[in-house]
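For reference, the structure is listed below as structure tokens.
Everything numeric in this text was worked out from a predicted model, so none of it was measured.
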Amino acid sequence: MSANEPQVVNVVPEKFVEVSISTTAGFYPAEGYDQVPVDDKVELQLEKAARDLDIKPTSDWIANVNGPEGLREIDPMKTYMENRLSGQVDIDWGPKEGGGG
Amino acid sequence: MHPAAAKLLFEEQVRKLTPALAERRDWVLHLIDFPSIDCAFTANGRTTLRLQLHCDDWNDLPPAITLHAGNGDFLSQLPPNPTGVFNPGPHPSTQRPFVCMRGAREYHTHPSHVGDLWENLKNQENYTLGGILTQLWNAWQKGTD
């Protein structure tokens with residue numbers, strides 16, 4: 001290959017993400033990250049966290065990830081890929097604010 | 001609630017408000033010492049909001065919550081927030097801006113909400129000390145300043 005020939009790079013989509021979930025009852029897993037398939041729904045890992053941390057989330061709990069644009073709410077019914085998540089994913093999970101005013 | 005039992009429940013609930021959680025959420029935990037929690041919410045490009053929760057008689061009473069600037073001064077004006085949780089007031093008891101959300105003493109003692117009883121909420125997951133702080137943090141996140 002000559003120095004001027006463009007280099008072709010094959011980008012292989014990652015098949016896994018590494019997930020850590022934080023709540024005010026603790027972290028899941030307790031330390032580090034779990035490796036899970038990118039096409040798993042986020043709710044699967046949230047369900048594991050609820051069991052492990054002995055918490056009873058209600059329908060008004062929300063999952064957020066911190067990104068360049070600040071905190072972003074994700075949809076637990078969608079996969080990590082559908083939520084545009086890759087690499088190490090720090091999910092914060094807890095109750096949405098109650099009504100005020 | 002007997003003061004010793006209130007302290008025990010307080011300490012059980014704040015044990016999980018760890019430095020790791022604070023780092024993840026960009027919280028600054030200035031103080032956690034029964035009956036007080038002093039916690040600041042921070043984020044890049046945002047004005048810090050500091051909250052002091054006064055948890056005497058926890059959890060027979062919800063926490064009394066005061067709103068502060070990052071330096072600890074009482075807030076006299078609130079940054080814009082669409083949720084209605086941070087109310088410019090003045091609250092009839094404190095004469096200050098206040099937290100108008102279930103789980104705050106100022107909400108449950110406000111003439112508009114005295115019928116919404118804390119007794120019905122206090123044992124729910126969303127109304128532990130961590131749950132209330134999380135709700136307030138999620139409300140603050142929706143602000144623009």
Atom group of [X] that falls short of 4.5 Å from chain A, counting heavy atoms:
X: B/Ala43; result: neither
X: B/Trp137; result: side chain
X: B/Arg25; result: side chain
X: B/Ala104; result: neither

Assess whether atom [atom1] of [X] is packed by more than 12 heavy atoms of other residues, nucleotides or ligands within 6.0 Å.
X: A/Asp54; atom1: CG; answer: no
X: B/Asn123; atom1: CG; answer: yes
X: B/Gln95; atom1: CD; answer: yes
X: A/Lys41; atom1: NZ; answer: no

- Query: Is any NZ, NE, NH1 or NH2 atom of the basic residue among A/Asp90 and B/Arg24 found under 4.0 Å from an Asp or Glu carboxylate oxygen of the other?
  - Reply: yes

- Item | Note, B/Lys142 side chain near A/Glu97 side chain (heavy atom, < 4.5 Å) | yes

- Do A/Thr23 and B/Leu21 touch side chain to side chain, with heavy atoms closer than 4.5 Å? no

- Message: Suppose we screen for salt bridge (charged side-chain N to carboxylate O under 4.0 Å, His left out). Which residues come up paired with B/Asp116, at least two apart in sequence or across chains?
- Response: B/Arg102

- Message: Under a 3.5 Å distance rule, please check whether B/Asn138 uses its side chain to pair with a backbone N or O of A/Pro95 as donor and acceptor.
- Response: yes

- Message: So does A/Pro57 get a backbone contact from the side chain of B/Glu125, meaning a donor-acceptor N/O pair under 3.5 Å?
- Response: no

- Item | Heavy-atom contact with chain B under 4.5 Å, split by part of A/Leu53 | neither

Linked, directly or transitively: [X] and [Y] (ILVMFWY side chains, under 4.5 Å):
X: B/Phe98; Y: B/Phe86; answer: no
X: B/Leu61; Y: B/Tyr127; answer: no
X: A/Phe16; Y: A/Ile74; answer: no
X: B/Ile32; Y: B/Leu49; answer: yes

- Message: Nearest 0.5 angstrom please: B/Lys16 NZ to A/Thr24 OG1, how far?
- Response: 9.0 Å

- Look at A/Gly94, A/Gly70, A/Ser22 and state which one has the largest set of heavy-atom pairs under 4.5 Å with chain B. A/Ser22

- Item | A/Trp61/B/Asn126 under side-chain hydrogen bond (donor to acceptor under 3.5 Å, both in side chains): CA gap, chis, key distance, verdict | CA-CA 9 Å; A/Trp61 277 41; B/Asn126 291 5; 2.7 Å; yes

